[in-house]
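Note on naming: letters A, B, ... go to the chains in the order of the sequence lines (proteins, then strands), and numbering restarts at 1 for each one.
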Amino acid sequence: MMPSFFKAHAMRSRFGCRPARILTLRRQYFSLSDIFFPREENMRFSRMFIRTLREAPSDAEAISHVLMLRAGYVRQLASGLYIYLPLGWRVLGKINAIMKEEMDAIGAQEISMPILHPAEIWQQTGRWDVIGGEMFRLKDRNDRDFCLGMTHEEIMTWLAAREIRSYRDLPQVWYQIQTKLRDEARPKSGVLRTREFIMKDSYSFDADEQGLDKNYQLHAEAYHRIYSRCGLKFMQVESDPGMMGGGYSHEFMAPSPAGEDQVALCPKCGYSANVELALSFSPVIEDREWQHEEVHTPEKRTVQEVSRFLKLTSEYFIKSILVISDNGPVLALVRGDQEVHDKKLAKIIGNHRPAQKTEVKDILGVEAGFIGPMGHTGIRVIADPCLKHATYVSGANKQHYHVKGIKAERDFTAEWHDIHIARQGDSCAACGGVLVVERVIEIGNIFKLGTKYSAALKAVYLDENGAETPIIMGSYGIGPARIAAAAIEQNNDKDGMIWPRSIAPFDVELLPLNMNDELTVKTAENLYRELSLSHVDVLLDDREERAGVKFKDADLIGIPTQIIIGEKTLKEGLVEIKDRKTRETVKIGLGDVISTVKALTDN
RNA sequence: CGGGGCGUAGCGCAGUCUGGCUAGCGCACCUGCCUUGGGAGCAGGGGGUCGGAGGUUCGAAUCCUCUCGCCCCGACCA
C-alpha cells in the first residue's frame, strides 16, 4: 500500500483540499493512519468540535449514554438515531479498523452493499412476511416495494446465487461495515439499541459442513481477537438462533449491568448460555410425601397467597399456566418458585399467548387460580423436569380448593421439558455445578445458517460430480457502537470515561495549564509537533481555560494518557505523564517524553 | 402495543394544583477586568412565548379537547 504520507500529498495537490475529507466522504473505512493526515487543526481542542456538558440531558440513564453525551461523543437526533461527533466517530473508526484487520486476517473480503433492498428478494426467503413492524418498508415512485436492510443475508445470498457456479469458487467469505436499519419497538440506552446502526456483518459460503465449521471457528477466533484488542471483558455463550433460522449459534457478551440480556455461567465446567436457552435444575427440595388430600383454600389463588395460607414455601407448589398456542391450548407446569420462559416454551409448542380468564374457565372448567395438573384430557401438558421428584400442592380444578400430595406420573402425566427461567443458584445441567447469572451486553453473534437462504434464493454450485448443491452458509455480526458503549460501561469512574488505549479517540492529551506562560505554550507546541510526527494521535488542549476546566474535560473525555505541562514543573525541565485510569503521575524530563509515550502506545 | 413519566433558553430546573405585573433561576454563551494545578471571581450583555393545533376566558405556560415528541418498565427484538 502507498504510504499514507505520499497518498495524502498526492491527493492534496490534485484536489487542493484536505485529503481526510475526500476519503471520509467516500464512506469507506480506512485505518486512522490512512485517513488521518496530521494537519494541526484536527487535533487542537480550540478548533476541534468538542462540546462537553456539565450536566447530562435528563433522558439519559445508562452510564455510557450519559458520558457519551456529556463528553461530546454523540448527540441524539430522534429516538434511536444518533449523530456521531468527531470524538465518537474516531472511536468507531478505530474499532472498525481493528475489525477490518481481523476479518482480512481470516481471509474475509470487504465489499459494500446497498441499504435499500427490493422486496422480491426478501419475499423469496419468506422474511418479508415473517418480520413484522421491525422492518422499515417503503415504495419507490413506481410503487415498487422496498425495505431498508436490517441485515444482509438475502442480498449476500442473491449475489452468491448469481456469481458462484462451481465448488472451485468456494469457499468465500464476504463482509461489510455498513448501516442497518430496524424500526425497534423500543430504542433504549443510548447507542446500545438504536434504529440505525453500523454493523460489521460477514457471510461465509461453503461447499460442505466441514467448510462451514471451519469458517464458524475462524470467526469465533477472530471475534475473540477483536474484543480482546478492544480491551473488553467478554464471553462467548450459546444462543438462540431466533428468526435467523439455522440451528447453531453463539453470542458474544460483554458483562455490564446496562445490558439487556442475561447469561447463565457454570464456573465448574464452563457451560455458558443465554438464559433464553440455558438448561438448569432448580435446587432439589425434600420430599414431604404428603397423603393425597383436598384442602379448602377460600379466595387463595396465586402461589404466594396459597403458600402463605398453608404455611409452605413456594417450592412445594406446582404453578399451572394455560396458554393458547396455534395448535390449541397447552398447560405449562413449573414449580412454584420458577417462572416459565416463553422462548423455551415456544420452541416446544410454537407461538403462544397467555389464556384469558374466560378461556381458562371454558377450557378447564375452573377459575384461574385453582388449576391443577390432574385430570385433563385432550390437552397438551408440558412440565418442567424438576416436578418429577417430590410431592406437591396445586389447584384442585375446583373453586376454592387445592390438593396436597400430588406426585408426578401417579397423579398426572406430562411431556417433560426444561421450560423454566434459569436462575442464579440453579444447578448446571451439564455438571451439577452452581450456576451464576450475569447481565450482559450483546456485542456480536455468529450463526450457522445452513441452506436456509441458499435454498430459497437458489444459490447453488456444481460439485465434483456435476450435481447441483445448495451452498452452506454462515453469518456473523458485530456492532461497533456496542463495543464502544460496552467499553465505557466497563471502564469509567465518577469523572468520566476511561478508554482502552486501542480504541481511544486519541492516544494522549496535552494539557498546557497556563496559556499565558510563553514557555508552557512553546513546550506544548513542540511536544504536539514531535508526537504527531511520531504517529501518536495527540489532542492539544490549547484553550484559554483555567487548569481546572482542562483537567475536568480531560478526565471526562477519557483519553488514556494525559501530559500535564505546568509552569512550575516546567522550570525544572519536567512535565507530568498521568494515567487516566490509575491517576498515577510521573514527572519526566522533556527529552524523554516521546520515548515514554511511544512505549505506552506501542503495546 | 400495554403501563408510567415528562415536554418552559443550548443543558439542568422553578412557575402549572389555586389563570392576572415585563416568564424566572443555575450552568453554558458574548464583552471587559481579573485569574491560571481541579469546572474561580467581579461587572455588563444576548437568547425562550412555554412541543403543536384548537377551545374556554376580559386575560392561558397554567383550565379543556385533540395531536406530536422524548424517556422508563413490560411486550417485542436480525
Side-chain angles (χ1 to χ4, degrees), chain A residues 51-62 65-66 69-70 72 75-81 117 122 125 127-128 130-136 147-156 180-190 192-195 197 199 201 203 239-246 249 251 260-261 274 276 342-343 346 351 353-354 442 444-447 449 452-453 475-479 494-496 511-517 520-521 541 543-557 562 564-570 575-576 578 583 585 587:
Chain A
R51 300 280 302 177
T52 59
L53 305 171
R54 206 183 285 204
E55 288 172 291
S58 54
D59 304 12
E61 206 140 284
H65 190 197
V66 171
L69 289 168
R70 282 195 55 209
R75 289 293 181 259
Q76 182 174 7
L77 174 66
S79 179
L81 298 176
H117 301 174
W122 285 80
T125 63
R127 290 210 288 185
W128 179 266
V130 171
I131 297 170
E134 205 179 345
M135 182 185 272
F136 281 108
C147 64
L148 301 179
M150 45 202 307
T151 177
H152 279 76
E153 280 78 18
E154 273 77 1
I155 313 305
M156 285 280 179
K180 310 282 184 236
L181 291 116
R182 297 178 192 172
D183 196 357
E184 289 286 349
R186 183 147 101 83
K188 58 189 280 199
S189 305
L192 278 177
R193 189 163 210 84
T194 55
R195 297 194 292 178
F197 57 96
M199 183 175 186
D201 49 325
Y203 304 83
S239 73
D240 177 2
M243 84 178 227
M244 288 297 297
S249 66
E251 286 165 325
E260 304 178 81
D261 288 288
N274 195 310
E276 289 173 3
D342 285 333
K343 284 201 177 171
N351 284 333
R353 58 168 177 82
E442 182 188 351
N445 49 35
I446 54 180
F447 295 93
L449 299 175
K452 173 176 171 170
Y453 297 92
S475 86
Y476 318 89
I478 291 184
K494 67 175 172 47
D495 291 314
L511 299 173
L513 296 187
N514 183 356
M515 292 299 287
N516 294 323
D517 179 56
T520 298
V521 173
D541 192 348
R543 294 173 302 168
E544 300 274 353
E545 288 286 357
R546 295 164 52 86
V549 175
K550 295 190 180 191
F551 284 132
K552 287 289 182 193
D553 276 339
D555 287 348
L556 182 58
I557 288 165
Q562 300 172 7
I564 299 157
I565 304 160
E567 205 176 335
K568 291 183 196 110
T569 322
L570 194 55
V575 296
E576 288 163 79
K578 180 168 168 186
R583 296 176 189 270
T585 305
K587 292 184 181 176

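Across rC68(B) and rG32(B), the matching C1' atoms stand 45 Å from one another, rounded to whole Å. Annotation: rA53(B) and rG69(B) have their P atoms spaced 16 Å apart (nearest Å). If you take atom P in rC11(B) and the same atom in rG52(B), they sit 15 Å apart, rounded to whole Å. Between the P atoms of rA28(B) and rC17(B), the separation comes to 33 Å (whole Å). Nucleotides rG37(B) and rC42(B) are separated by 23 Å at their C1' atoms, to the nearest Å. As rounded to the nearest Å, rC6(B) and rG46(B) have P atoms that lie 34 Å from one another. Between rG19(B) and rC64(B), the distance separating the two C1' atoms is 13 Å to the nearest Å. Atom C1' of rC63(B) sits at a distance of 10 Å from the matching atom of rU57(B), rounded to the whole Å.
In this structure rG39(B) sits in no base pair that meets the Watson-Crick or G-U test at under 3.5 Å. The partner of rC25(B) is rG12(B), by the rule that a Watson-Crick or G-U pair needs both atom distances under 3.5 Å. For rG74(B), the paired base is rC1(B) (Watson-Crick or G-U wobble, both distances below 3.5 Å). Pairing of rG7(B), defined by two Watson-Crick or G-U wobble distances under 3.5 Å, is identified with rC68(B).
Of the two residues near RNA chain B, Gly548(A) and Ala56(A), the one whose nearest nucleotide lies more 5' is Ala56(A). Of the residues near RNA chain B, Leu53(A) and Ala60(A), the one whose nearest nucleotide (by heavy atom distance) lies more toward the 5' end is Leu53(A).
OP1 or OP2 of rC71(B) lies within a sub-4.0 Å distance of a side-chain N or O belonging to Ser79(A). Contact annotation: Arg51(A) does not reach the phosphate of rG10(B) (side-chain N/O to OP1 or OP2, under 4.0 Å). Side-chain nitrogen and oxygen atoms of Arg54(A) include at least one within less than 4.0 Å of the OP1 or OP2 phosphate oxygen of rA28(B).
By the 30° and 60° cut-offs, the orientation of the rings of His152(A) relative to His117(A) is perpendicular.
As judged by a 4.0 angstrom heavy-atom cut-off over every strand, Arg75(A) is placed among residues making no nucleic acid contact. No engagement by Met135(A) is indicated, since no non-hydrogen atom pair under 4.0 Å with the nucleic acid exists. Residue contacts for Ala78(A): at a heavy-atom cut-off of 4.0 Å it reaches the sugar-phosphate backbone alone, with no base atom in range. Looking at heavy-atom distances under 4.0 Å, Asp553(A) makes contact with a base. Residue contacts for Pro187(A): at a heavy-atom cut-off of 4.0 Å it reaches the sugar-phosphate backbone alone, with no base atom in range. Across all strands, Thr520(A) comes closer than 4.0 Å to no nucleic acid atom at all (heavy-atom distances). Among the protein residues, Glu576(A) comes within range of the nucleic acid bases, having at least one heavy atom under 4.0 Å from a base atom.
Leu513(A) is not listed as a side-chain neighbour of Glu567(A), based on a closest heavy-atom distance of 4.5 Å or more. Looking at Thr151(A) and Met199(A), their side chains never come closer than 4.5 Å, going by heavy atoms from C-beta outward. The side-chain heavy atoms of Asp201(A) and Lys180(A), taken from C-beta on, include a pair separated by under 4.5 Å.
Proximity note for Lys188(A) (side chain, C-beta onward) versus rC11(B), rC72(B), rC76(B): the nearest is rC72(B). Comparing rC13(B), rC72(B), rG39(B) by their closest approach to the side chain of Arg186(A) singles out rC72(B). When each of rU35(B), rC13(B), rG39(B) is scored by its nearest atom to the side-chain atoms of Ser58(A), the top-ranked nucleotide is rC13(B). Side-chain proximity of Gln76(A) to rC72(B), rC71(B), rG37(B): nearest is rC71(B). Here rC76(B) is the nucleotide among rC76(B), rU35(B), rG37(B) with the atom lying nearest to any side-chain atom of Ala185(A).
In this structure, the CE atom of Met150(A) is 12 Å from the C1' atom of rC76(B), given to the nearest Å. Rounded to whole angstrom, the span from the CZ atom of Phe551(A) across to the C1' atom of rG37(B) amounts to 5 Å. With rounding to whole Å, Lys343(A) atom NZ is found 7 Å from rC76(B) atom P. The CD atom of Glu544(A) sits 14 Å away from the P atom of rC29(B) (whole-angstrom rounding). The nearest whole Å value for the distance from the CG atom in Asp342(A) to the C1' atom in rC76(B) is 11 Å. Between the CG atom of Leu77(A) and the C1' atom of rG10(B) there is a distance of 16 Å, given to the nearest Å. Between the CD atom of Glu184(A) and the C1' atom of rC71(B) there is a distance of 16 Å, given to the nearest Å. One atom, CG of Leu511(A), and another, P of rG37(B), lie 13 Å apart when rounded to the nearest Å.
When each of Lys550(A), Glu576(A), Lys578(A) is paired with Gln562(A), the side chain to side chain contact (heavy atoms under 4.5 Å, CB included) condition holds for Lys578(A) and for no other.
A cation-pi geometry, defined here as NZ or CZ lying under 6.0 Å from the six-membered ring centre and within 45° of its normal, does not hold between Lys452(A) and Phe447(A).
With hydrogens and angles disregarded, no donor-acceptor distance shorter than 3.5 Å links the side chain of Glu184(A) to the backbone of Arg186(A).
Taking only distance into account, the side chain of Asp555(A) meets the base of rG38(B) through a donor-acceptor pair shorter than 3.5 Å. Residue-to-nucleotide contacts include no donor-acceptor pair under 3.5 Å from the side chain of Lys552(A) to the base of rG37(B). One can find a donor-acceptor pair under 3.5 Å joining the base of rG26(B) and the side-chain atoms of Glu55(A).
What you find for Ser239(A) and Ser249(A) is that their closest heavy atoms are OG-OG, 2.7 Å.
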